[in-house]
Amino acid sequence: MKVQKEKVVIIGSGAAGLTAAIYAARANLNPLVIEGIQPGGQLTITTDVENYPGYADVVQGPWMMEQMKLQAIKVGARIISDIVTKVNFNNDIKNIILDSKKIFECETVIITTGAQAKWLGLESENQFNGKGVSACATCDGFFYRNKEVAVIGGGNTAVEEALYLSNICSKVTLVHRRDKLRSEKILQKRLFAKENIEIVWDSVVSQIKGDENGVNALELLSTNSDDKKLIKLDGVFIAIGHVPSTEPFKNSIDMDDEGYIIAKNPGTSFTNVDGVFAAGDCVDKIYRQAVTAAGMGCMAALDAEKWLQNK
Ligand code: NDP
């Protein structure tokens with residue numbers, strides 16, 4: 001097994017990780033970024049970004065992340081494509097073990113592994129995953145051109161996905177378990193204005209139905225009566241939130257019940273493990289924005305730099 005010594009290793013390459021890399025590289029810390037399963041993070045599976053400061057015109061998520069990566073490389077960060085399978089944070093020097101069996105011995109580690117889409121947990125959802133069930137409209141919407149689909153959820157993601165799909169599909173049904181959306185008002189206004197979007201309120205999915213060709217219907221249950229409803233459609237997009245991608249760090253670092261890493265001192269990136277910092281959606285379950293993740297990535301690099309100086 002190959003062992004490599006590093007000063008700063010950043011795990012994850014979304015907005016938090018790449019911003020941490022830019023700041024750490026400019027502080028001459030020669031950071032190494034381990035890209036992970038989804039290089040560029042969640043923004044690579046979105047389309048229009050119109051709330052990241054600095055762009056008067058709408059930009060595309062994948063393009064923005066490619067720019068962030070190029071910027072990190074330009075200022076001196078090294079980026080490798082690999083996955084962390086295990087860590088050992090018990091000693092001063094932290095060990096990171098990769099899927100490729102490489103081992104890094106690190107002075108500091110910045111965890112920016114982000115979060116992933118949540119699923120409903122139905123057996124039928126699992127059965128038809130990739131055959132009509134998806135958690136990414138911008139990835140799979142193309143396959144439902146002029147077809148009928150449903151989006152499940154009432155947050156920003158669900159509304160954005162419904163709006164996106166309404167430009168591709170003949171009809172979109174948004175299914176929400178309450179009678180009020182959680183999403184921003186501006187998105188709601190756009191949603192209500194779309195003629196080919198129908199909203200089914202106070203309902204949950206009880207079953208996703210289909211055959212060997214994939215999904216063909218959705219069974220819904222009312223949350224305030226015994227009503228059952230069957231909707232014929234071709235695809236279902238689940239948009240009910242996220243879970244943090246922190247599995248390899250379980251039992252190595254303090255996390256809450258949902259698996260989000262806990263900042264030792266709120267407002268900083270310090271964790272309970274000396275020399276290990278965390279930033280972005282793996283810590284933050286409230287804001288979850290590209291800009292807040294980037295801001296936290298910057299904080300983590302500055303915290304790590306100061307920590308190394310004081311050591
Ligand atoms: P949210 O947690 O905001 O919303 C999840 C939605 O799914 C809620 O409406 C929730 O219902 C519903 N839900 C959760 N679990 C279930 C379940 N088991 N069955 C049925 N429905 C369920 O997640 P999002 O992914 O929408 O957004 C996450 C964060 O990212 C937010 O802070 C959001 O603002 C941000 N975001 C911002 C964007 C932007 O600014 N352009 C784009 C996308 C996301 P209920 O309301 O009843 O809890």
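- For T113 (side chain) and G12 (main-chain N/O), no donor-acceptor pair under 3.5 Å exists by modelled atom type.
- Under the 3.5 Å distance criterion, with hydrogens and angles disregarded, no donor-acceptor pair is assigned to the side chains of N129 and W119.
- The shortest distance between side-chain heavy atoms of F249 and I11 falls below 4.5 Å.
- At a threshold of 4.5 Å between side-chain heavy atoms, the hydrophobic network of Ile, Leu, Val, Met, Phe, Trp and Tyr places L120 and V151 in two separate groups.
- E105 pairs with exactly one of K94, K2, K5 by the salt bridge (charged side-chain N to carboxylate O under 4.0 Å, His left out) rule, that one being K5.
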After noting the C-alpha distance and the side-chain angles of T112 and I10, does the key distance pass the side chain to side chain contact (heavy atoms under 4.5 Å, CB included) rule?
CA-CA 7 Å; T112 59; I10 298 165; 3.7 Å; yes
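- Counting heavy atoms from C-beta on, the side chains of V87 and N95 never come closer than 4.5 Å.
- The environment of N251 atom CG is sparse: at most 12 non-hydrogen atoms of other residues, nucleotides or ligands sit within 6.0 angstrom.
- Formation of a donor-acceptor pair under 3.5 Å by the T271 side chain with backbone atoms of A263 is not found in this model.
- The two atoms that bring S13 and P39 nearest to each other are OG-CA, 3.4 Å, heavy atoms only.
- Tested against N30 for a side chain to side chain donor-acceptor pair (under 3.5 Å), the candidates E6, K7, R78 yield a single pass: R78.
- For the residue pair V159 and S183, the shortest heavy atom distance occurs at CG2-OG, 3.3 Å.
- More than 12 heavy atoms of other residues, nucleotides or ligands sit less than 6.0 Å from atom NZ of K311.
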Pair V200, H176 - check side chain to side chain contact (heavy atoms under 4.5 Å, CB included), show working.
CA-CA 6 Å; V200 178; H176 184 36; over 6 Å; no
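- Counting only heavy atoms from C-beta outward, the side chains of K209 and E219 approach each other to under 4.5 Å.
- Counting only N and O atoms by type, the side chains of S222 and D227 include no donor and acceptor under 3.5 Å apart.
- Within 6.0 Å of CG on N213 lie more than 12 heavy atoms contributed by other residues, nucleotides or ligands.
- Atom OG of S203 is separated from atom CG of L174 by 10.5 Å, given to the nearest 0.5 angstrom.
- Ring geometry for Y144 against F237 counts as perpendicular: the plane angle is over 60°, on a 0 to 90° scale with 30° as the lower cut.
- Atom CZ of F142 sits in a sparse spot, with 12 or fewer heavy atoms from other residues, nucleotides or ligands closer than 6.0 Å.
- Counting heavy atoms from C-beta on, the side chains of E125 and I238 come closer than 4.5 Å.
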Could you list the donor-acceptor pairs under 3.5 angstrom formed by side chains in residues 58-74, with sequence neighbours left out?
from, atom 1, to, atom 2, distance (Å)
Q60, NE2, D48, OD1, 2.9
K69, NZ, E35, OE2, 2.8

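- Linking Ile, Leu, Val, Met, Phe, Trp and Tyr residues whenever their side-chain heavy atoms come within less than 4.5 Å leaves I197 and V175 in two separate clusters.
- Cluster membership check: I231 shares its hydrophobic cluster with F128, using side-chain heavy-atom separations under 4.5 Å among Ile, Leu, Val, Met, Phe, Trp and Tyr.
- Contact annotation: the side chain of I111 approaches that of I253 to within less than 4.5 Å [non-hydrogen atoms, C-beta and beyond].
- The closest side-chain heavy-atom distance from P53 to V291 is below 4.5 Å.
- The minimum heavy-atom distance linking R288 with Y260 is given by the pair NH2-OH, 3.0 Å.
- Of all the heavy atoms in V149 and C169, the pair that sits closest is CG2-SG, 3.8 Å.
- F104 has its side chain within reach of I34: a pair of non-hydrogen atoms, C-beta onward, lies under 4.5 Å apart.
- A distance of 13.5 Å separates SG of C282 from NE2 of H242, quoted to the nearest 0.5 Å.
- Taking OG1 of T223 as the start and CZ of R177 as the end, the distance is 9.5 Å to the nearest 0.5 Å.
- Listed for the D202 side chain is a donor-acceptor partner under 3.5 Å among the backbone atoms of D179.
- Evaluation of the side-chain hydrogen bond (donor to acceptor under 3.5 Å, both in side chains) rule for S269 yields D303 as partners, not counting sequence neighbours.
- Counting only heavy atoms from C-beta outward, the side chains of D281 and V283 never approach each other to under 4.5 Å.
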Between D82 and S100, does a side-chain hydrogen bond (donor to acceptor under 3.5 Å, both in side chains) hold up when you go through it step by step?
CA-CA 7 Å; D82 215 325; S100 62; 2.5 Å; yes
Side chain to side chain contact (heavy atoms under 4.5 Å, CB included) assessment of T173 paired with L233
CA-CA 9 Å; T173 305; L233 42 64; 5.6 Å; no
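- With respect to D256 and K285, a salt bridge is recorded, a charged nitrogen being found less than 4.0 Å from a carboxylate O.
- Under 4.0 Å is where a charged nitrogen must lie from a carboxylate oxygen, and between R190 and E50 at least one such pair does.
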Decide side chain to side chain contact (heavy atoms under 4.5 Å, CB included) for Q38 and T44; before the verdict, give the C-alpha distance in whole Å, the side-chain angles of both, and the deciding distance to 0.1 Å.
CA-CA 8 Å; Q38 190 176 49; T44 57; 4.0 Å; yes
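- Heavy atoms of other residues, nucleotides or ligands lying less than 6.0 angstrom from CG of D92 number 12 at most.
- In this structure, NZ in K229 is found 10.5 Å from CG in L218, a value given to the nearest 0.5 Å.
- Residues L187 and W201 share a hydrophobic cluster, clusters being chains of Ile/Leu/Val/Met/Phe/Trp/Tyr side chains in contact below 4.5 Å.
- Note that CE of M299 and OG1 of T19 are 12.5 Å apart. Values are rounded to the nearest 0.5 Å.
- From Q188, atom CD reaches atom CG of L191 across 7.5 Å, with rounding to the nearest 0.5 Å.
- Listed here is the closest heavy atom pair of A290 and L43: CB-CD1, 3.4 Å.
- Other residues, nucleotides and ligands place more than 12 heavy atoms under 6.0 Å from the CD atom of Q309.
- Contact record, G36 with I83: C-CG1, 4.2 Å, taken as the closest heavy-atom pair.
- Looking at D234, its side chain never comes within 3.5 Å of a backbone N or O of V215 through a donor-acceptor pair.
- Between the side chain of N88 and the backbone N or O of N90 there is at least one donor-acceptor pair closer than 3.5 Å.
- Environment of CG in D226: sparse, with no more than 12 heavy atoms of neighbouring residues, nucleotides or ligands closer than 6.0 Å.
- By the criterion of side-chain heavy atoms lying less than 4.5 angstrom apart, applied directly or through intervening Ile, Leu, Val, Met, Phe, Trp or Tyr residues, L98 is not grouped with V33; the two fall into different hydrophobic clusters.
- For the side chain to side chain contact (heavy atoms under 4.5 Å, CB included) test, residues two or more places apart in sequence or in another chain that qualify with T292 are D284, Y287, Q289.
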